[in-house]
Number of protein chains: 2
Amino acid sequence: MDVDSRLLRSFAAVAEEGNLTRAAERLYVSQPALTKQIKQLEQLLGVRLFTRSRAGMALTGPGRALAARTPDVLAAVDTAVRETRSAGRAEARVLRVGFLASAANEATQDIVADFGRRRPGLRVELRQAAWSNPTAGLADGEVDAALLRLPFPGQDTYRVEVLLTEERVAVLPSTHALAGRARLDFRELWDEPFIAAPPTTGPFCDYWLAVEARPADRPVKIGAVTDQPDEWLSAIANGYGVALAPASAARFYARPGVSYVPVDGVAPTSVGVAWAPADDENPVVRDFVRSCLRAVGEGPAGPTGSPTTGP
Amino acid sequence: MDVDSRLLRSFAAVAEEGNLTRAAERLYVSQPALTKQIKQLEQLLGVRLFTRSRAGMALTGPGRALAARTPDVLAAVDTAVRETRSAGRAEARVLRVGFLASAANEATQDIVADFGRRRPGLRVELRQAAWSNPTAGLADGEVDAALLRLPFPGQDTYRVEVLLTEERVAVLPSTHALAGRARLDFRELWDEPFIAAPPTTGPFCDYWLAVEARPADRPVKIGAVTDQPDEWLSAIANGYGVALAPASAARFYARPGVSYVPVDGVAPTSVGVAWAPADDENPVVRDFVRSCLRAVGEGPAGPTGSPTTGP
DNA sequence: CGACATCCATGCCGTCAGGTTATGGATGCA
DNA sequence: TGCATCCATAACCTGACGGCATGGATGTCG
C-alpha cells in the first residue's frame with residue numbers, strides 16, 4: 001500500500017515525456033525498468049494510469065488525477081529534505097554555499113572574508129558544482145545558498161540578489177587564427193564548433209552558446225560536451241572548439257594553450273546569490289546575503305575600496 | 001537521494017513512540033529492521049535524527065525539523081493516492097461504499113435502492129470491513145464513502161452526516177443467567193467478560209465496551225478479541241463473554257445460542273455516512289449522501305413506514 | 001509489399017536491499 | 001549480582017529491481 005516517491009518521480013517523468021523510452025533515459029534507467037515501475041505503480045493503486053499505444057504513453061483519467069497531485073507530493077518531500085538538512089547544518093554551525101565554476105570568481109574570497117567577520121563562530125563550506133547541477137545543490141537542499149550565473153533553471157522558485165555583471169569573452173585555443181586578435185565580433189564565431197555544457201541543463205547550456213545571438217539558419221555546432229572547468233579548458237586547448245566565458249575567467253582560468261579575447265555582439269552576464277524562500281527568516285543566510293552585497297559593493301579590490309550603498 | 005515515503009512513515013512512528021521497539025511492533029516489522037531504516041534515512045539526509053540513549057530515541061534539532069514536515073508529506077501522498085483511486089472508480093462507473101459490520105443494517109438496502117434510481121448507470125460496490133479497519137477503507141482511498149458507527153477515529157478529517165440513532169442492547173450466550181430477562185441494567189454486566197474489538201481500534205473498541213459507563217474501580221474484563229461478526233457471534237455463543245450491539249443487530253444477527261436483551265444505562269449509538277472532503281463537489285458522492293438521508297428519512301420499514309424527522 | 005523504425009512488453013539472470021532471528025553491549029533497577 | 005530494557009550488530013535468506021536481449025505491434029517509406 002505504500003507509494004514510494006521514487007515511483008512518483010518516474011511517473012511524473014513518463015507523464016511529461018509521454019514516452020517511456022525518453023523518460024527512461026532522462027531518469028538514467030533502462031526502458032524495461034521503467035515499464036516495470038509504472039506497472040507496479042498501477043498495481044499499487046489498482047488503476048490504469050496510461051493508455052499504451054504506438055504513439056507512446058497517454059494519461060488516463062486517473063492518471064491525470066495523479067499527475068495533478070504529484071507535484072504537491074514531490075514538493076512536500078523536497079521541502080522536508082531541504083529543511084532537515086538545513087537544520088542539520090545550523091546545528092553543526094556550518095553554512096554551506098554552492099557555486100558553479102567561474103560564478104563569483106574573485107568576489108568569492110571577499111564574500112567569505114566579510115561573512116567571517118559577521119559570524120565568527122560559523123564555518124563556510126564552499127561546494128563547487130558541476131554544470132549539470134545548475135542550482136549548485138540548492139534544489140535538493142545540499143546547500144543553504146548558491147552563487148550562480150543568471151538566469152538559472154527554476155530561478156523563479158528561489159530568492160535571488162544580483163551581485164555583479166561583466167562582459168562575456170571568447171575562449172579560444174591559442175593556435176586558433178583569431179586567438180591573437182585584440183577584439184572580435186561574435187559573428188566571426190558562428191561557424192566555430194563550441195564546447196557546451198551537458199544538454200540536460202537546458203537554458204543554461206543555450207545561454208553559454210549564445211543561441212539568441214545567432215541567426216536561425218546558422219545553428220550552433222557542438223565540438224564537445226563537458227561538465228567541469230578542467231575538462232572544458234582541456235577541450236578548448238586541444239582544439240575541439242571555442243567557448244564563451246565571463247571576463248573574469250581570463251584571470252581565474254588562464255593557462256597555456258588557451259586565449260581569451262573580448263567579443264562584441266553578445267549580452268553581458270550576471271552573477272547572483274540565491275537561496276530558498278524557506279530561509280528568508282534564517283539570520284545566517286540573511287547575513288550571508290548581506291556579505292555578498294557588501295563585498296561586491298566594495299569592489300573586487302577588497303579593503304582599499306570605498307563602501308558603497310548596499311540594500 | 002530519494003527519500004521513500006515508507007522511511008518517513010517509519011520515522012514518524014519512531015518519533016512518536018520515542019522508542020524503537022514499540023514503534024517496530026506498531027509497524028509490524030522487527031526492531032533491527034527499523035534500526036536499519038532509521039540509519040538509512042539518516043545517511044540519506046546526512047543528518048543525525050535521533051539521540052540514542054538508554055531511555056529511547058529522542059529527536060535532535062534536524063529530527064524535529066523533519067518531524068514537523070513529515071505530516072505534510074504523508075498527507076500529500078495519501079491525498080494523491082485517494083484521488084487517483086477515486087478517479088479510477090469514477091471512470092469505471094463504480095461507487096465503492098465501505099461499511100462496518102452492523103453499521104447501517106436494514107437501512108443499507110433502502111439506500112442502495114434509492115441510489116440505483118438516481119444513478120441507473122452506476123454500480124454500487126459494497127465492501128464490508130473488519131473492525132480493525134475503523135474507517136472501512138475511507139482513510140486509504142479504498143472507498144468513496146462509508147457507513148460507520150459514530151464516533152470513529154479521525155472523524156474530524158471527514159464529512160459526516162448522521163443517519164439514524166438506535167439503542168444499544170446486550171448480546172448474551174443463550175445459556176447465560178440474564179439471557180431470559182426482558183430488560184437489564186448495564187451495571188449487571190460490570191463483572192462479565194466482554195468480547196472486544198482489536199485494541200488497535202482505540203476509541204471504537206472502548207465505545208463498544210462502554211468504558212465510560214463503568215466506575216474506575218471496575219475495569220472491563222476481556223473474554224476474547226474478535227475482528228469479524230461471525231467470530232464475534234461464535235465467541236458469544238461459546239460463552240467466552242458478552243457484548244453490546246446496536247438494537248438492529250437483534251434482527252440482523254439472530255442465531256441460535258445468542259440472545260439479545262435491551263439494556264439501560266448506556267448511551268444510544270448513531271450511524272453516519274462519511275466521505276472525504278475532496279469529494280465535496282463529486283456529484284456521485286453527493287447523490288449517494290442524498291440517498292442515505294432520503295432512505296432513513298423514509299424510515300427503515302420501507303414504503304409502508306411513515307416519514308420521520310431526520311437529523 | 002516488404003524492410004525498417006519506433007515503442008512498449010517479456011524472459012532471464014545477477015545483485016543487493018531489506019527483512020528475520022539470534023546475540024551482544026550498555027545501563028538502570030531490585 | 002542478576003534481571004530487564006533498549007538499541008546495535010552479525011549472519012543469513014528471500015525477493016525486489018535493474019540490465020540485457022528479444023519479441024510483438026504498428027506506422028512509414030522506398
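Scope of the values below: all heavy atoms of this structure, side chains included, with no hydrogens, waters or symmetry mates. Letters go in sequence order (proteins before strands), and every chain restarts at 1.
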| request: Return the 5'-most residue of the pair B/Q37, B/Q31 with respect to DNA chain C, ranking by each residue's nearest nucleotide. | output: B/Q37
[X] [atom1] to [N] [atom2], straight-line distance once rounded to whole Å:
X: A/L34; N: D/dC20; atom1: CG; atom2: P; value: 15 Å
X: B/Q40; N: D/dC7; atom1: CD; atom2: C1'; value: 18 Å
X: A/I38; N: C/dT10; atom1: CD1; atom2: P; value: 14 Å
X: A/M57; N: D/dT26; atom1: CE; atom2: C1'; value: 16 Å
X: B/D4; N: D/dC17; atom1: CG; atom2: C1'; value: 14 Å
X: A/L49; N: C/dC8; atom1: CG; atom2: C1'; value: 16 Å

May I ask you to check whether [X] and [Y] show a side-chain donor-acceptor distance below 3.5 Å?
X: A/E25; Y: A/T21; result: no
X: A/E83; Y: A/T79; result: no
X: B/Q37; Y: B/S10; result: yes

| query | Under a 4.5 Å cut-off applied to non-hydrogen side-chain atoms, are A/Y240 and A/S234 in contact? | reply | no
| field | Heavy-atom check, side chain of A/V242 versus side chain of A/I236, under 4.5 Å | value | no
Quick one: is [N] close enough that its OP1 or OP2 comes under 4.0 Å of any side-chain N or O from [X]?
X: B/N19; N: D/dT5; value: no
X: B/R52; N: D/dA8; value: yes
X: B/R6; N: C/dG19; value: yes

Nucleotide of [options] approaching [X] most closely (side-chain heavy atoms):
X: B/T35; options: C/dC7, C/dG18, D/dA8; answer: D/dA8
X: B/K36; options: D/dG18, C/dG19, C/dC8; answer: C/dG19
X: A/T21; options: C/dG19, C/dT10, C/dC8; answer: C/dC8
X: A/S30; options: D/dC7, C/dC8, D/dG19; answer: D/dG19
X: B/K39; options: C/dA9, C/dT20, D/dT9; answer: D/dT9

| task | Remember a base hit wins even if backbone is also touched, and classify A/A33 as base, sugar-phosphate or nothing at under 4.0 Å, heavy atoms. | result | sugar-phosphate
